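Below is one structure, written out as structure tokens; the observations come after it.
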Amino acid sequence: MRSISEQGAAISSTATPDGALAARYMAWGQRRGAMVAMSLVLLIVAAAAVTVQGINETTMGTLALVIVQQASFGQLDLITDEQSARILLYLRLPRVVMAIVAGAALSVSGVLMQAITRNPLVSPYTIGVSSAAGFGASIAIMFGVGLQSAGIYFVPLSAFGFALLCAVCVFSLAWWRGMGAQAMILTGIALMYLFSAMTAAVQFVATEEQLARVVHWTFGSLNGVQWDAVGLCAAVLMVVLPVMQGKAWQLNALTMAGDDVAQSLGMNVRRLRGTVTLLSVVAAASVISFVGVIGFVGLIGPHLARMIIGGDHRFLLPFSAICGAAMLLAADTIGRLAFSPTVFPVGIVVAFVGVPVFLHLIISRKRETFA
Amino acid sequence: MFFKSILYAAFVVVASTSALVAETIIDDVGRSVEVDLPIKRAVIFNRYSVEFARAIGAIDQVVGTGASTFRDPDYWPQFTQDNVVGQGQNDLNYEAIIAKNPDLVILPRNGVYEEAARQLEPFGIPVMVITAWDTLKHVENVELMSRLFGHEEQAARLVNYYTGYHKLLADRLQGVPAVPVYLEEKRPLVTVTQGSGWHDMIAAGGGANVFGDIVIENEAAARGNPNAFTIDPEEIVQRAPAMIVKLEPGSYTAIPEDQFANT
């Protein structure tokens, strides 16, 4: 049996006898590929540009030296301005890289969840994953006293566990009861309210210091990010994105034609759904568990990407990662620099900046984009 | 020879007064913090702690604070916008802190001290937890800050002032029946029990907290903690307080200077 990608290629090359359509399709694909590559380059340039901005004045040259020195595992000793180098290495770079990784992971997670449910309203936030993570973090903060052996990872682990539990509940219920898309969203919203209420209950009985930590966590912030968290989230993204990229044709078949057609093309739809669910939830939960609740990127990132590049998952997946990364990077940079020395949590800024942009896009775009 | 001895003695005095002494101090949450004393440059978050620094005469050694402390510039003429290094005890701007080159950062225990310690460690800036709003630790905190900043004499005066009034109250209230008091926290139907600073303040003022008999360990966890204990309104009526104290958010504005001068 031919794979889905082979079938797609075969269809595209035999659609017209003279191959004109195939050529047009190839050109279209190349243009999309170039767009993704160019956006990635722009994102890297933008990231470098914002990394050198801050209270401590530094330059692109110092940034380059820091990166080269780290890449050489300390074999090269290039740094002359030690203080700037430390600020770049321990404060700004982890923050900027985490903004990119977290934005990308949340956005990719949104695309995947929307693909398997064929529902554009699904995101880690709307199915309750973020609220569940918030509750997990809250009870870890509340009852974590004395659990020092779990160290600084106790709160993220608890958040991760509850996020996973929530997603499993929503998706299991949906498939077990054969729910439609709307019922699934409603289930997610119900769980979101349940976990939010439980978090509020935890806050109600928390001490001053516990309450401060819970509230701080629920804001969503990159202020305290360190390389270990960046590394873990990046590792998850490095697994999820390529694996899902390899299934882009299958996701196309599933979203465009539905379960029956996908099955008739030889796909194991049940297994695909299981894999995609697991990876999308792991991607979102790993990020949320370290940086707190950042609700909007998982919903807006995929839509923004779809508006610009279309619904073909071969391009949508990497491009939505870039869109999500760019959004979170922009929001964090604004939060960090706009009112400096006051730093605004990224979870607040992303809503302030993202919602008007999203509304503008909805209003200015054609109706069918959201049909 | 005599002149040499004088010179040597003078050198020893100067050296001993200017030399920094490394000390390990156990902070409010039990962490060991190594600092060079006395502290010349400190960043302090939380206005209670900054107030302590001012009260012991160490405000000139405070080089940075939060915007939530500085929100009333008239009250803090010692600071300018340049001294702001973050929003408050939960939103620190680490770059701004580093730019101030402090010897120590002080946070209360309801601040992000763990995050701050991790982020500032590569820069060699220690983070210490001092919770100045904890009235039970008032004397202990003032003495610790005096040790940190090297202002023992002024701190001793402040402690004497505080403990003096405590003693005066205790003396005058001897034999006076305690007034039953219900204290309501900012949230409705939430009060305080034994173990709360408010409970101790009521007792020190000659009152008796009507919920002071509650042993928090014997209560359901869902009812809260000593600082926030949920109650049924019928319980208040049943316990018949003679006085009700209600906490409200916000702070007093500073008295205008001319009015203050005429007071």
Side-chain angles (χ1 to χ4, degrees), chain A residues 53-58 82-92 94-95 139 141-145 148 151-152 155 198 201-219 221-229 335-337 339-346 348, chain B residues 28-29 46 64-68 70 81-101 107-124 129 131 133-134 185 187 190 195-197 219-230:
Chain A
Q53 301 300 318
I55 286 172
N56 180 72
E57 284 181 19
T58 187
E82 286 290 336
Q83 184 74 336
S84 292
R86 271 202 297 269
I87 286 172
L88 285 171
L89 187 60
Y90 294 109
L91 294 179
R92 288 200 206 153
R95 188 177 185 132
I139 57 165
I141 291 166
M142 181 83 180
F143 301 111
V145 182
Q148 297 302 323
I152 57 167
V155 173
M198 291 198 288
V202 169
Q203 290 178 6
F204 190 71
V205 297
T207 61
E208 289 262 7
E209 45 270 43
Q210 288 165 342
L211 181 65
R213 289 185 65 193
V214 170
V215 170
H216 181 67
W217 198 90
T218 52
F219 275 159
S221 171
L222 299 173
N223 208 24
V225 162
Q226 295 207 306
W227 281 116
D228 53 351
R336 183 167 63 92
L337 299 178
F339 303 98
S340 180
T342 293
V343 180
F344 271 84
V346 70
I348 295 172
Chain B
D28 188 35
V29 289
N46 187 280
T65 188
S68 52
F70 184 62
Q81 188 61 37
D82 186 50
N83 295 105
V84 175
V85 289
Q87 176 58 34
Q89 64 212 33
N90 289 313
D91 294 291
L92 283 58
N93 187 325
Y94 296 108
E95 277 192 47
I97 293 170
I98 293 159
K100 293 288 173 200
N101 192 25
L107 282 161
R109 63 172 180 260
N110 56 337
V112 287
Y113 60 87
E114 289 154 314
E115 176 191 295
R118 284 201 308 273
Q119 293 293 69
L120 296 173
E121 192 189 357
F123 302 89
V129 180
T131 311
W133 52 257
D134 189 341
E185 206 242 23
R187 290 169 289 176
V190 176
S196 158
E219 298 293 328
R223 292 194 73 180
N225 57 69
N227 292 305
F229 185 74
T230 317

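Since we're looking at a predicted model, the values are computed, not measured.
Contacts of A/Val225 with chain B are made by backbone atoms alone, with heavy-atom separations under 4.5 Å and no side-chain atom involved. Proximity to chain A involves both the backbone and the side chain of B/Gln87, based on heavy atoms less than 4.5 angstrom apart. Heavy atoms closer than 4.5 Å to chain B are found in both the backbone and the side chain of A/Ile87. With a 4.5 angstrom heavy-atom cutoff, B/Val112 touches chain A only via side-chain atoms.
In this structure, CH2 on A/Trp227 lies 7.0 Å from CG on A/Leu89, to the nearest 0.5 angstrom. In this structure, A/Thr342 OG1 and B/Leu92 CG are separated by 11.0 Å, a value rounded to the nearest 0.5 Å.
For A/Val343, the side-chain contact (heavy atoms from CB on, under 4.5 Å) partners are A/Arg95, A/Asn223, B/Asn93, not counting sequence neighbours. Taking B/Asp134 as the reference, B/Arg109, B/Thr131, B/Leu136, B/Lys137 meet the side-chain contact (heavy atoms from CB on, under 4.5 Å) condition, with sequence neighbours excluded.
Side chains of B/Asn83 and B/Thr65: a donor-acceptor N/O pair is absent below 3.5 angstrom, by distance only.
Chosen from B/Gln119, B/Gln89, B/Gln81, B/Glu121, the residue pairing most often with chain A at heavy-atom distances under 4.5 Å is B/Gln119.
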